[in-house]
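First up is the structure itself, then whatever we jot down about it.
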Amino acid sequence: SIWHTGERACRRDCPVMTLEVLDDVDSVARHAAEVIATEARAAVRARGRFTVAISGGRTPWVMLRALSERDDVPWQNVHLLQVDERVAPADHADRNLTHLRESLPARSQAGAAQIHAMPVEWDDLDEAAARYAQTLADIAGSPAKMLTAWAVGGALSFIGALTYAELAGAYPSAGGD
């Protein structure tokens, strides 16, 4: 079902917020993948590339797998940035990058995406952070563009959090309410 807010709170043409309630995690993942694919195609048409920041943790994995199965994403023009990362060796199971790469298999078209990993295995983490900040600036350009990439990643994380909240509410005997 789809819910819309009532009266607009601003005087100009403001978008109306839409709340979509989907059946399960897979439905949310497929819908998020559809939204991202649409935005990616539009960004590539307009600017020649699509940049998105992906949050760590389990929430994005299902969505990324759904996204990787789509054939309408211009993967060769997609830049994936990490929002956060754990300090651990390369390919370690605790690393968000490990799961990001597993969710976008190299054998699929999604393997053509350019993943920009946080260099957390460096000895000097301050230098690593400065280098990643430069990578972000090189890819996303102005701070406004970086904030946009961050906001898209944050919105996807929020969608996942709402999914888990909805599931928890469905099982009050397990601690959700």
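Atom set for the values below is all heavy atoms of this structure, side chains included, hydrogens, waters and symmetry mates excluded. Numbering starts at 1 and runs along the sequence shown. Because the structure is a prediction, the values reported are computed rather than measured.
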Problem set entry | Shortest non-hydrogen contact between Ala37 and Leu67, atoms and distance | N-CD1, 4.1 Å
For this session: Only counting residues at least two apart or in another chain, list the ones meeting side-chain hydrogen bond (donor to acceptor under 3.5 Å, both in side chains) with Arg86.
Result: Asn96
Exercise. Got Ile115 and Arg101 here, is their nearest side-chain heavy-atom distance under 4.5 Å?
Worked result: yes
For this session: With rounding to the nearest 0.5 Å, note down the distance linking CG in Leu81 to CG in Leu136.
Result: 5.5 Å
For this session: List the atom of Ala29, the atom of Ala66, and the distance in Å for their closest heavy-atom pair.
Result: O-CB, 4.0 Å
Exercise. Does Thr38 reach the side chain of Ile36, with side-chain heavy atoms less than 4.5 Å apart?
Worked result: no
Exercise. Residues in side-chain hydrogen bond (donor to acceptor under 3.5 Å, both in side chains) with His31, at least two apart?
Worked result: Glu20
Problem set entry | Which atom of Pro119 lies closest to which atom of Ala128, heavy atoms considered | O-CB, 3.3 Å
For this session: Could you pull out all residues at least two apart from Arg41 that satisfy salt bridge (Lys or Arg N to Asp or Glu O under 4.0 Å)?
Result: Asp72
Seminar exercise, completed: By side-chain hydrogen bond (donor to acceptor under 3.5 Å, both in side chains), Arg95 pairs with (sequence neighbours left out) Glu85, Glu121
Exercise. Less than 4.5 Å apart, any side-chain heavy atom of His116 and any of Ile139?
Worked result: yes
For this session: Check the hydrophobic clustering (I, L, V, M, F, W, Y; side-chain heavy atoms under 4.5 Å; chains of links allowed) and say if Val73 and Val44 are grouped together.
Result: yes
Seminar exercise, completed: Taken in chain and number order and not counting sequence neighbours, the residues that satisfy side-chain hydrogen bond (donor to acceptor under 3.5 Å, both in side chains) with Ser27 are Asp24, Arg30
Exercise. What are the two closest heavy atoms between Asn77 and Gly48, and how far apart are they?
Worked result: ND2-O, 3.1 Å
Exercise. Hey, does the side chain of His99 reach the backbone of Ala93 with a donor-acceptor pair shorter than 3.5 angstrom?
Worked result: yes
Problem set entry | Where Ser55 and Asp84 come nearest, the two heavy atoms and their spacing | C-OD1, 3.8 Å
Problem set entry | Heavy-atom pair of closest approach, residues Trp75 and Leu104 | CH2-CD2, 3.9 Å
Exercise. Under a 4.5 Å cut-off applied to non-hydrogen side-chain atoms, are Gln114 and Leu80 in contact?
Worked result: no
Exercise. If you look only at pairs with a residue in residues 122-136, which of them pass as a side chain to side chain donor-acceptor pair (under 3.5 Å), with sequence neighbours excluded?
Worked result: Gln134-Asp138
Problem set entry | Ser103 (side chain) donor-acceptor with Arg65 (main chain) under 3.5 angstrom | no
Seminar exercise, completed: Interatomic distance, CG@Leu64 vs CD@Glu69, rounded to 0.5 Å, equals 11.0 Å
